[in-house]
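First up is the structure itself, then whatever we jot down about it.
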Amino acid sequence: MIVSKTLINWYSNNKRELPWRQTKDPYCIWLSEIILQQTQIKQGLPYYESFLREFPTVFHLANADESQVLKLWQGLGYYSRARNLHATAKYIVEKLNGEFPSSYKELLQLKGVGDYTASAIASICFNEPAAVVDGNVYRVLSRYFGIDTPINSTQGKKEFKLLAQQLIDIENPADFNQAIMEFGAVQCKPQNPNCSICPLQDSCVALQKSSINQLPVKTKPNKVSKKHFNFLVLISKDNKTILEKREGKGIWQNLYQFPLIETKTAVTEKNISKQLSTHELLKEVDFEVSLYNDNTIIHKLSHQHLHTKFWIIHVDNLNGDAIPIDNIHSYPVPILIGNFIDAFNF
DNA sequence: AATACGGGGAC
DNA sequence: GTCCCAGTATT
């Protein structure tokens with residue numbers, strides 16, 4: 001693949017001199033990779049130096065106290081990395097005689113080592129053609145191939161990993177992996193990359209389509225939206241009520257609920273009464289309304305908080321769609337409704 | 001499939 | 001403020 005060669009060539013001419021690039025010792029590579037997870041080189045570099053000074057080998061690290069490791073990690077964040085680092089060092093010393101696993105598959109078993117880190121160590125130290133996919137690789141590939149699959153979706157992770165794996169130079173996986181990452185960090189950077197000096201400018205899809213700034217696509221974590229649900233618990237003198245089936249998409253499809261009035265904001269009894277008098281089910285009907293729950297029930301779904309009020313509405317009669325309250329348990333209902341039914345003394 | 005997990009750098 | 005950074009573990 002010509003792209004792979006171009007990247008490796010660019011790397012040989014442009015790579016920064018970094019201490020972990022002077023060695024293939026798995027301990028050093030492992031340490032550097034853990035430190036650099038979600039961490040910029042500038043921030044991680046001093047920690048790499050101090051860790052190697054304090055713990056020159058995996059045996060030194062394994063013999064330390066966890067608090068000593070955490071102290072040295074102080075300020076770097078994501079402290080589970082430090083705890084896993086220490087635990088893994090002990091594991092390697094005590095169970096593996098101080099010898100690092102040498103394949104992607106085995107490395108993946110280590111605490112704190114995921115797909116990325118296992119690939120990095122396997123390729124750099126053991127020449128295994130396991131493609132790394134980090135934030136840089138997502139950016140380079142999405143732009144070069146013009147792929148807009150969200151990089152934080154399951155689909156995207158699969159797709160980009162496969163693409164990187166197809167692209168990797170099996171003759172030189174170590175340099176290819178580091179090349180594409182370094183290229184992403186230095187040349188194909190997030191903001192305002194200088195594409196006029198890019199060695200891939202002639203074949204970059206995003207550049208042709210002027211979509212460099214649109215890629216990669218990352219779906220925003222949906223903010224939790226707040227909704228106000230008002231359920232109308234209608235009760236007739238002959239002990240009937242009304243349940244409605246939820247149609248269409250969205251939550252609770254095909255489940256049953258009391259007639260619902262969704263409002264933009266929380267409503268008062270006075271406020272809801274006004275709406276009720278014109279409601280389809282209550283037109284020209286005498287009714288008496290009261291609020292069941294004084295405290296708003298906040299039902300939490302993944303991306304919605306449902307601020308819920310149950311309004312008890314007594315009427316003389318209900319039409320033919322009403323069901324006997326005694327049958328209410330035969331209908332599938334959301335937990336929110338089910339909890340109310342169980343708690344309410346019909 | 002979401003979410004928690006840190007802190008700093010770049011704009 | 002917003003986005004991003006050589007991601008992983010847990011729910």
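Chain letters run A, B, ... following the sequence lines, proteins first, then strands; residues in each count from 1.
The list of salt bridge (charged side-chain N to carboxylate O under 4.0 Å, His left out) pairs with a residue in residues 279-294 of chain A, not counting sequence neighbours, reads A:Glu280-A:Lys283. Every pair passing salt bridge (charged side-chain N to carboxylate O under 4.0 Å, His left out) that includes a residue from residues 178-193 of chain A is listed here, sequence neighbours excluded: A:Arg16-A:Glu182, A:Arg21-A:Glu182. Screening residues 111-130 of chain A for side-chain hydrogen bond (donor to acceptor under 3.5 Å, both in side chains), with sequence neighbours left out, gives A:Glu33-A:Tyr116, A:Gln37-A:Thr117, A:Tyr104-A:Asp115, A:Asp115-A:Lys161, A:Ser119-A:Lys161, A:Ser123-A:Asn177.
Between A:Ile151 atom CD1 and B:dA1 atom C1' there is a gap of 16 Å when expressed in whole angstrom units. Counting to the nearest Å, the P atom of B:dG6 and the CH2 atom of A:Trp73 are 12 Å from each other. Across the protein-nucleic acid pair, A:Arg81 atom CZ and B:dG8 atom P stand 12 Å apart, rounded to whole Å.
For the C1' atoms, the distance linking B:dG9 with C:dT8 amounts to 22 Å, nearest Å. Taking atom C1' on both B:dG8 and C:dA9, the two are 23 Å apart, rounded to the nearest angstrom. Taking atom C1' in both C:dA6 and B:dT3, the straight-line distance is 22 Å, to the nearest Å.
A:Leu76 comes within contact range of at least one nucleobase, with a heavy-atom separation under 4.0 Å.
When hydrophobic residues (I, L, V, M, F, W, Y) are linked wherever their side-chain heavy atoms come within less than 4.5 Å, A:Tyr78 remains an isolated member.
Looking at residues two or more places apart in sequence or on another chain, you find a side chain to side chain donor-acceptor pair (under 3.5 Å) between A:Lys5 and A:Asp169.
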### Query
In B/S/- notation, 5' to 3', how is nucleotides 3-9 of chain C contacted by protein heavy atoms closer than 4.0 Å?
SSBBBSS
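Nearest-nucleotide mapping onto DNA chain B: of A:Lys189 and A:Gly75, the residue sitting toward the 5' end is A:Gly75.
Atom CH2 of A:Trp311 is separated from atom CG of A:Leu232 by 10.0 Å, given to the nearest 0.5 angstrom.
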